[in-house]
Every structure is written in structure tokens, then in C-alpha cells.
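The analysis underlying the following values was restricted to heavy atoms, covering all of them including side chains, and did not include hydrogens, waters or symmetry mates.
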Amino acid sequence: MLKRLSISNYALIDQLEIDFEQGLTIITGETGAGKSIILGALSLILGERADSTSIRDKERKTVVEATFSIEDYNLEVFFRDNDLDYFDDELIVRREINHNGRSRAFVNDGVVALSTLKELMTRLVDIHSQHSNMLLSRPAFQLSILDNIAGDDEELNDYRGLYNEFKATEHQLQELRDNYDRNRSEEDYLRFQLGQLQETNLRHDEDEELEQQQRRLANATSLKEDLWKVINTLNSEDNSVLDQLQEVRNTLATAEQNLDEIAGMSERVSNALIDLKDIAQSVGAIEESLNSDPAALQQVEERLNTIYSLERKHNVKTVNELLKLQEDYEQRLAAIDSSEERITQIQEMLESQRSAALQLARTISDRRKKAAGEFAATLQPLAQNLGMKNLQFHIDFKPVALNANGCDSVEFLFAFNKNQELMPVKDTASGGEISRLMLCIKSVIARSMNLPTIIFDEVDTGVSGEIAHKIGDMMGEISHKIQVIAITHLPQVAAHGDSHLRVFKTDTATQTVTSVQHLSDEEHVTEIARMLSGSELNQAAIDNARALINNSN
């Protein structure tokens, strides 16, 4: 339940702390006093969008903090799944808003995403306002009512897991079919292209090797002449480089005997001679192997032309890229060859998943239909007690294709007058009737749902007299099971309160502020008397207020 709400720097509120109690808490106040402001601040705790225009002092941030008692509610799994600090007795939630509208949310002083805050708060607080009455005509809301009454949360979670697996497999099957159809339409083309590449019998880096051979064969004559010059220079019979170096080595060896400064130089020249002789031998061997071979050159150039033609055709630049393309064609054709078998396997898996999901969906449907009968039997007398004495109510079920909510489409059908055809609520009910219907529905749901707090925001607008008293009775009955906070203008409803908060505005020299007073029992009587009599407070109004309170207990 909500224990405390602290608000600072929000709209007309400078600093405000409100303590809440169990049972039915009544909030009253003149129009414009700030009741909606308090509710707006609370909505920030529930994860609603922050608005910088509500910041009172732009130099300070707005802070709204709520403290909840959660010892009777199973929230430990949620906290563990979301990596939040859990304390089994108390929960503190805070929302901070900067002047630019940016906000941060905290759960037990840990920063959380707004989506996480919203999900947590749906387990703690339900705010019902006149705007919420529009939900009654929505199929998803109608279905959620039946699920609440049926208590099928566990089955629904299991079903949605099965359904998500089913949809994922369905998507996988569609992709396989699309790829298969696309590849089948290109199969002849793929096989032709692959055959051409395979017939060419390409090798990795073959183009580089062939280009090197082409350069050697095309320039064999000039290369042979150049290498001969090198050999002749190094090792000719007449005054070659090697002969001259041998003479230099011998001279240095003699001089070294008498001149220490050149010691070792003859050895260095000897090493150079060894290298040059090796070079001369290697160049000679290469020179002998070089021969002009027009036939071999033609063969190399024809092979290169074949490769270049394939590269241009497939818009690539190397043999390695052609081989990668060849591998891709092979894989695509292999996929075509194996796709039919794979598609059959996935179809069998899909049908198995669909069967399991459908079986559980039908179980959920049976529970909903049973809950629908119980709901109609409970709702009808509640609504009749609130002045809708001729109400007829039926829930129409229609089977639909599997979806995230099962296999049911439901529609609530109402008739408010005798001999009237049952119709959807939006086509037959007035605003006041819808408001009272929603109150009855909340009363039914409160008996089955494990929700700590429900807040009614002026849902009793448009009623008076005995119906207003019965609405108060209904709120009081709900408050025996969960905490109820009701913002109301009706004294008949306010009289049922276990505690009473009065919201009012005061003016200082520089500003107007909203404040909240927790009324004593006597002040509770006086406030209801004001609500009964208007501006003039007299003994008759006070006596009427006491009688109203006594009749409400």
C-alpha cells in the first residue's frame, strides 16, 4: 500500500508530505485547490511523461517520492529479474525532473529505466479516472478483466512463451521459403555460372603467377642479353671484376703484414668475392634457362585472357574473388538441394509448436468463459444496485487465429432498458452509466487481483442521492481488501472514509501554494457539512453530516 507521498517544487506545491492509511482515504477540496496536481505528481511516480512546465522554481529540480509497504506482495522475483535491491517490508520510489524536462527514476536509490518503473508500478497502484472509462469499450481491456477474474496469469505467461516460439519458427520458415523460391528461380543461371567457373579450374593466386610468367617470356631475349652483360662483367676472361678483386685481396693481404690500420680488410674483400661468385653462378643459371618460347607465351596469355574475361563478367579484380564467388554459387545450389528437406523439418516443428500453443490457448479460453459467467452473475446485481435496475449483460466470445492473447475475441454487450437489444457499451451507455459500470468492474476485480492500491479520481461525477451513497458503500467494500484513495465532491462518498484529506490553496505575499490537511474526526464532520450546505455552515448541516457518517459505518 501507499504509505507516504512527498512532493517538492511541482506546480502550486512548494513542499508537501502526505501520509496515507489503510482502508478508504477520502480527498476533497474546492475546484482548483490542487487535487489534480497531487494526482499529477503521483503519475510521475507511475512512470508517466515528465513536463518541465510543471516545475515551480526553474532553479531547482522537482522531486516526487513515494513510500510503499510491500510485505504482503510477491515482488521479489521482479526485483531479482531487474537487478534491483529488494527489501521485503518497504519500497521507496523517486522521480527527479530538471528544468529542461529531463528526468531520472530511482527504485530504492538505484537508477532505473522509465519502462522498468512503469512495469513495477502496475503491480502497486491503479489510478482510475473518468478518462479511464473509455477503456471499457476496448477489446484488450475487456479480455484483461476476464484474465484477472480467471487468475490465468501463469497459463498466459506459458502460452506467450509458446506463441513467441511459434512466431519465431513461422518467420524462419517464411525466410526459408523466400530464399528457396528466389534460388529456384535462379537455379539454371547459378548452375551455368558455376559450371563455367569449375571448368576453368582456377587456383588461388593463379593470376599473379601467370602475370609473372608472361613478363618473363615476353622479355626473354632482352633479359638474356642483360644477364649476359652481368656475367661478362663479373667473370670474363679479360680483366673481369672478380679478377680485379682477387688482385685487391692479395695486395691487401701483403700490406696487412706491415700496416695494422688495414688489418682484416683482405678478409672482407674475400667475403665480397664469395658473394659475387655466387651471384655470377646464379645469374648464369638463370641466363641459360631463359629462352624465347612463343608457344609457351601464347599459352600463358590465353589463360590470362580467360581469367580477365571472367573477372570482367563477374565484376571482380582477382582470381581469389572468382573462387569466392564460385564457393557462394556452390553453397546456394547446395541450399536449393537441401531446402525442401529443411522446409519439411521446419513445417513439422511449426505444426508441433502451433498444436501446443493452441491446446494451452483453448485451456485459457475455457477458463475465460467460466470467468465470464461468474463475472456477469456478479456484475449485474452490483450495477442494478447503482441504479441500473434493467441492466442486461452478456460476453460474446468468437474464435480467432492465434495471437499474443490466445484464440479469443471478446465483446461486452449491454442493454440498460427493457426490451433493448444487447449492444457494445459505446453504442448504448451514457457517460454516467459507463462510469458506474467501471466502478462495479473495479469492485469485482478487486476481489481477485493482488493489487495494493486503487485510486478513484472523481469517478462519481454526475450522480447524487441514494446512488452516491451506494457508490460510497462499494468503495468502502473494496477498501476492506485493498487500499482505496478516492477524490470526490460527493458528501455521500466522503462519509464512508476511514481517513480524510482536505486540499486547499493559500496565498502568501508573493505566491499561491497548495497544502493538504489531515482531518480529525470532528474536522471530517465539518468538511462533509460544508459539502452538504455549500458556503454556509450551520448546525443542521453538521447534524446531517453526522447522520450521513453514521449511516455509512
Side-chain angles (χ1 to χ4, degrees), residues 193-332:
Q193 299 297 338
L194 177 61
Q196 191 178 48
L197 289 169
Q198 288 175 333
E199 288 172 5
T200 308
N201 197 24
L202 298 168
R203 294 179 291 106
H204 281 285
D205 301 321
E206 182 182 0
D207 48 352
E208 295 181 4
E209 295 174 9
L210 289 171
E211 287 167 353
Q212 185 177 357
Q213 290 180 34
Q214 182 194 39
R215 290 192 297 271
R216 179 188 180 109
L217 290 168
N219 298 285
T221 301
S222 61
L223 287 171
K224 195 173 182 69
E225 291 175 356
D226 291 341
L227 294 181
W228 173 250
K229 288 179 182 178
V230 172
I231 296 167
N232 190 52
T233 301
L234 288 174
N235 200 18
S236 64
E237 293 180 359
D238 184 21
N239 199 30
S240 68
V241 170
L242 291 177
D243 290 340
Q244 293 181 48
L245 282 175
Q246 286 174 351
E247 185 177 345
V248 168
R249 181 196 59 188
N250 294 337
T251 302
L252 284 171
T254 301
E256 284 175 346
Q257 297 175 8
N258 300 306
L259 191 61
D260 293 341
E261 290 91 327
I262 60 172
M265 288 187 180
S266 62
E267 184 180 355
R268 291 167 63 186
V269 174
S270 293
N271 291 336
L273 272 168
I274 293 171
D275 288 341
L276 287 173
K277 286 178 180 179
D278 183 64
I279 289 172
Q281 289 176 356
S282 297
V283 170
I286 294 171
E287 187 272 337
E288 287 181 5
S289 71
L290 282 173
N291 291 299
S292 179
D293 189 347
L297 177 61
Q298 182 179 359
Q299 186 178 3
V300 168
E301 289 180 338
E302 287 176 354
R303 179 67 174 174
L304 279 172
N305 287 335
T306 299
I307 291 173
Y308 292 155
S309 177
L310 286 172
E311 288 176 351
R312 287 193 298 272
K313 177 179 180 179
H314 294 286
N315 195 29
V316 297
K317 295 180 178 180
T318 67
V319 164
N320 290 348
E321 290 180 282
L322 286 173
L323 287 169
K324 179 67 176 65
L325 192 61
Q326 178 179 323
E327 182 183 355
D328 180 59
Y329 288 153
E330 290 169 346
Q331 290 176 350
R332 291 173 67 179

When you measure from the side chain of [X] to the backbone of [Y], do you find a donor-acceptor pair of N or O atoms at a distance under 3.5 Å?
X      : Y      : answer
Asn250 : Gln246 : yes
Glu321 : Thr318 : yes
Ser309 : Thr306 : no
Asn232 : Trp228 : no
Asn235 : Ile231 : no

> If we only count heavy atoms from C-beta on, is the Glu311 to Ile307 side-chain gap below 4.5 Å?
Replying inline: yes

> Under 4.5 Å between any side-chain heavy atoms of Arg215 and Glu211, yes or no?
Replying inline: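 Yes - at least one pair of side-chain heavy atoms lies under 4.5 Å apart.
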
Specify the closest pair of heavy atoms between [X] and [Y], including all atoms of both residues, with the distance to one decimal.
X      : Y      : answer
Leu252 : Ser266 : CB-CB, 3.9 Å
His314 : Leu322 : CD2-CD2, 3.9 Å
His204 : Glu209 : O-OE2, 4.5 Å
Asn201 : Glu206 : O-OE1, 4.2 Å
Met265 : Glu256 : N-OE2, 2.9 Å
Leu304 : Asp207 : CD2-O, 4.1 Å

>> Pairing donors with acceptors under 3.5 angstrom, does anything connect the side chains of Glu208 and Gln212?
In response: no

Could you check whether atom [atom1] of [X] has more than 12 heavy atoms from other residues, nucleotides or ligands sitting under 6.0 Å from it?
X      : atom1 : answer
Asn315 : CG    : no
Gln196 : CD    : yes
Lys317 : NZ    : no
Gln198 : CD    : yes

Give, for atom [atom1] of [X] and atom [atom2] of [Y], the distance between the pair rounded to the nearest 0.5 Å.
X      : Y      : atom1 : atom2 : result
Glu225 : Lys229 : CD    : NZ    : 7.0 Å
Glu330 : Leu325 : CD    : CG    : 10.0 Å
Glu199 : Leu194 : CD    : CG    : 9.5 Å
Ile274 : Ile279 : CD1   : CD1   : 12.0 Å
Ile262 : Gln257 : CD1   : CD    : 10.0 Å
Leu217 : Glu301 : CG    : CD    : 8.5 Å

> Among Asn320, Val319, Leu210, whose side chain to side chain contact (heavy atoms under 4.5 Å, CB included) with Asp205 holds?
Replying inline: Asn320

